[in-house]
Amino acid sequence: QANKPKFEISSQIRVQYVKVEPKNFQSQIEPREEDIEDYYQTKIANFHVKKKYKASHILTSLKPLDIEGDATEKQKQADEKAKQKSTELLERLNKGADFSEVAKKHSDDSSSGANGGSLGEFPEGTMVSAFEKALDKLKPGEISKPVLSPFGYHIIKLENRTEKRIKPLSEVKDQIIKSLKEIKARQRVKRIIKRIHQAAQQDENLSKAAEN
């Protein structure tokens, strides 16, 4: 009597259920060509590819804290000092110095500097406006004049530029077929479950409805 709570048995429920999974029907579905074309046109915004750049840079950062004087004068002197250094580095490059080596020794961007200034490939909108405007003026292999951004002065080398485009249907057809199979399989499952539910309600026999 003192320990009755220890011997309590929780309420229990015995159930039957039916599980119908869409993935089991995907192999049975073959989307029609007109469905594929319609999906492509409807979802065409998903197939836009941004302009991409592959570039390197050498950064000379602004360092007003290294200069004495009031804030405005310090900023002005820091700007002049950074621009002068960036100009001198550009002169070395124009005389044949290796871009990668100059970046490793002199870039204030330590992460890209260690890789010879390489920023890898990146989509439009990744970099600040001034940086990308400079990239758009360059041809692959060309080097920019010092470009000022909030980070300092950049000497930019464009390695490659891929213009924005829309992927053609042929390129994304397999992807669309996969999506359509998933959509149509879910739709089929909804119809099957509805039929099972209706049959089970009519006969009050879920097992029979599921088997059928």
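We count residues from 1, following the sequence as given.
A donor-acceptor pair under 3.5 Å links the side-chain atoms of Thr126 to the main chain of Pro123, judged by distance alone. A donor-acceptor contact shorter than 3.5 Å links the side chain of Asp108 to the backbone of Ser61. Checked by atom type and distance alone, the side chain of Glu132 pairs as donor or acceptor with a backbone atom of Met127 at under 3.5 Å. With Ser86 contributing its side chain and Pro146 its backbone, the two residues share no donor-acceptor pair below 3.5 Å. Within the 3.5 Å criterion, the main-chain N or O of Leu206 finds no donor-acceptor partner in the side chain of Gln16. No side-chain donor-acceptor contact under 3.5 Å links Asn115 to the backbone of Ser118. At distances below 3.5 Å, at least one donor-acceptor pair connects side-chain atoms of Asp98 with backbone N or O atoms of Ser100. Under the 3.5 Å distance criterion, the side-chain polar atoms of Glu142 are matched with a main-chain donor or acceptor of Lys139.
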CA sep, side-chain torsions, deciding dist, call: Glu80, Gln84, side-chain hydrogen bond (donor to acceptor under 3.5 Å, both in side chains): CA-CA 6 Å; Glu80 292 174 353; Gln84 182 180 349; over 6 Å; no
Could you go step by step and tell me if His48 and Arg165 meet the side-chain hydrogen bond (donor to acceptor under 3.5 Å, both in side chains) rule? CA-CA 6 Å; His48 283 248; Arg165 67 188 182 94; over 6 Å; no
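The aromatic rings of His57 and Phe131 lie perpendicular to each other, with more than 60° between the two planes, well past the 30° mark.
Nearest heavy-atom pair across Ile183 and Tyr39 is CD1-CE1, 4.0 Å. Pairing each heavy atom of Ser144 with each of His154, the nearest pair is OG-O, 4.1 Å. Here the closest non-hydrogen pair linking Ala97 and Val102 is CB-CG2, 3.9 Å.
Classification of Arg32 and Asp35 as a salt-bridged pair holds, one side-chain N sitting under 4.0 Å from a carboxylate O. Salt bridge status for Glu30 with Lys181: present, with a side-chain N to carboxylate O gap under 4.0 Å. By the 4.0 Å N-to-carboxylate-O rule, Glu163 lies close enough to Arg161 to be salt-bridged with it. Using a 4.0 Å cut-off between charged nitrogen and carboxylate oxygen, Glu91 and Lys95 do not count as a salt-bridge pair.
When side chains are defined from C-beta on, Lys81 does not count as touching Leu62, because their heavy atoms never get closer than 4.5 Å.
In this structure, CZ in Arg92 is found 8.5 Å from NZ in Lys105, a value given to the nearest 0.5 Å.
Tracing side-chain contacts under 4.5 Å through hydrophobic residues (I, L, V, M, F, W, Y), one never reaches Leu89 starting from Leu148; they form parts of separate clusters. Put simply, Ile156 and Ile143 are part of two different groups of oily side chains (I, L, V, M, F, W, Y) that touch within less than 4.5 Å, one to the next.
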